[in-house]
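A quick write-up on the structure given underneath.
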Protein chains: 2
Amino acid sequence: MKNIVSQYRKQQGYSQDKLAELLGVSRQTIISIEKGKYNPSLPLAMMIANVFQTTVESMFTLEADDYK
Amino acid sequence: MKNIVSQYRKQQGYSQDKLAELLGVSRQTIISIEKGKYNPSLPLAMMIANVFQTTVESMFTLEADDYK
DNA sequence: GTATAATGTAAAATGAACTTTACGTAAAGA
DNA sequence: TCTTTACGTAAAGTTCATTTTACATTATAC
């Protein structure tokens with residue numbers, strides 16, 4: 001999985017802290033998602049897309065090796 | 001989270017077993033998702049949407065109480 | 001040059017997603 | 001009636017998503 005969360009976040013001028021707060025998650029969660037350490041849960045992914053008024057598919061892209 | 005996976009699946013004439021096989025997951029996983037026992041991971045949700053040639057957003061919908 | 005803000009790392013703990021196995025039920029057909 | 005197909009439940013185990021805490025780095029700004 002790739003994602004462009006940090007691009008959207010910076011476009012909006014949000015810090016990681018601010019985004020975490022908007023989403024109701026910890027800052028660690030944002031860092032880990034942006035750095036690709038793990039994938040967000042589905043509801044979190046949808047909330048991230050919502051915050052930036054876009055779709056899950058335009059924010060996150062599947063890669064060959066993510067079968068799960 | 002609500003989802004309409006079983007509707008799409010039946011429209012395509014797939015059994016739960018067949019869908020599980022197409023996705024590379026167990027039948028239990030399909031049952032549990034359809035019954036709302038838990039949410040799929042993000043990559044799995046995207047693969048489900050792909051199989052039915054639709055989007056994550058049209059397959060899964062956030063509800064008030066899913067903040068994560 | 002010291003405070004502050006933003007980003008990062010690491011590790012331990014919890015809960016959720018997923019697998020495997022095994023068993024139960026119901027319908028459909030030969 | 002026996003077999004097969006589809007759907008469901010339950011429980012134990014593994015891995016992954018998320019939190020919390022604590023500390024490190026870098027840049028800016030005063």
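Lettering of chains follows the sequences in order, A, B, ..., and the numbering in each one begins at 1. A quick note: this is a predicted structure, and the numbers were derived from the prediction, not measured.
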Taking only side-chain N and O atoms of [X], does any of them lie within less than 4.0 angstrom of OP1 or OP2 on [N]?
X     : N      : answer
A/R9  : C/dT7  : yes
B/N39 : C/dA17 : yes
A/R27 : D/dT21 : no
B/S41 : D/dC16 : no

Please give, in whole Å, the distance from [N] [atom2] to [X] [atom1]?
X     : N      : atom1 : atom2 : answer
B/L19 : D/dA6  : CG    : P     : 13 Å
A/F60 : D/dA17 : CZ    : P     : 12 Å
A/L44 : C/dA16 : CG    : C1'   : 14 Å
A/M47 : D/dA17 : CE    : P     : 18 Å
B/K35 : D/dC7  : NZ    : P     : 11 Å
A/N3  : D/dA17 : CG    : C1'   : 14 Å
A/I31 : D/dT21 : CD1   : C1'   : 13 Å
B/L42 : C/dC18 : CG    : P     : 10 Å

- Judged by atom type as modelled, is there a donor-acceptor pair below 3.5 Å linking the side chain of B/S32 to the main-chain atoms of B/Q28? yes
> Does the A/E63 side chain pair with the main chain of A/M1, one donor and one acceptor, at a distance under 3.5 Å?
Replying inline: yes
message: Hydrogens and angles aside, do B/T55 and B/S58 bring a side-chain donor and acceptor to less than 3.5 Å of each other?
response: yes
Given side chain to side chain contact (heavy atoms under 4.5 Å, CB included), test B/I33 with B/L44 step by step and report yes or no. CA-CA 11 Å; B/I33 290 167; B/L44 182 51; 3.9 Å; yes
Looking across every strand, which nucleic acid part, if any, lies under 4.0 Å from A/S26 by heavy atom: base, sugar-phosphate, or nothing?
base
Correct closest heavy-atom pair for B/M59 and B/F52 would be CE-CD1, 3.2 Å
5'-most contact on DNA chain D (nearest-nucleotide basis), B/K37 vs B/K10, goes to B/K10
Of A/E34 and B/I33, the one whose nearest nucleotide on DNA chain C sits closer to the 5' end is A/E34
For this session: Examine the base of C/dT9 for any acceptor or donor lying under 3.5 Å from a partner atom in the side chain of A/Q28, and report the outcome as yes or no.
Result: yes
Which of C/dA17, D/dG8, D/dT18 is nearest the side chain of B/Y38? It is C/dA17
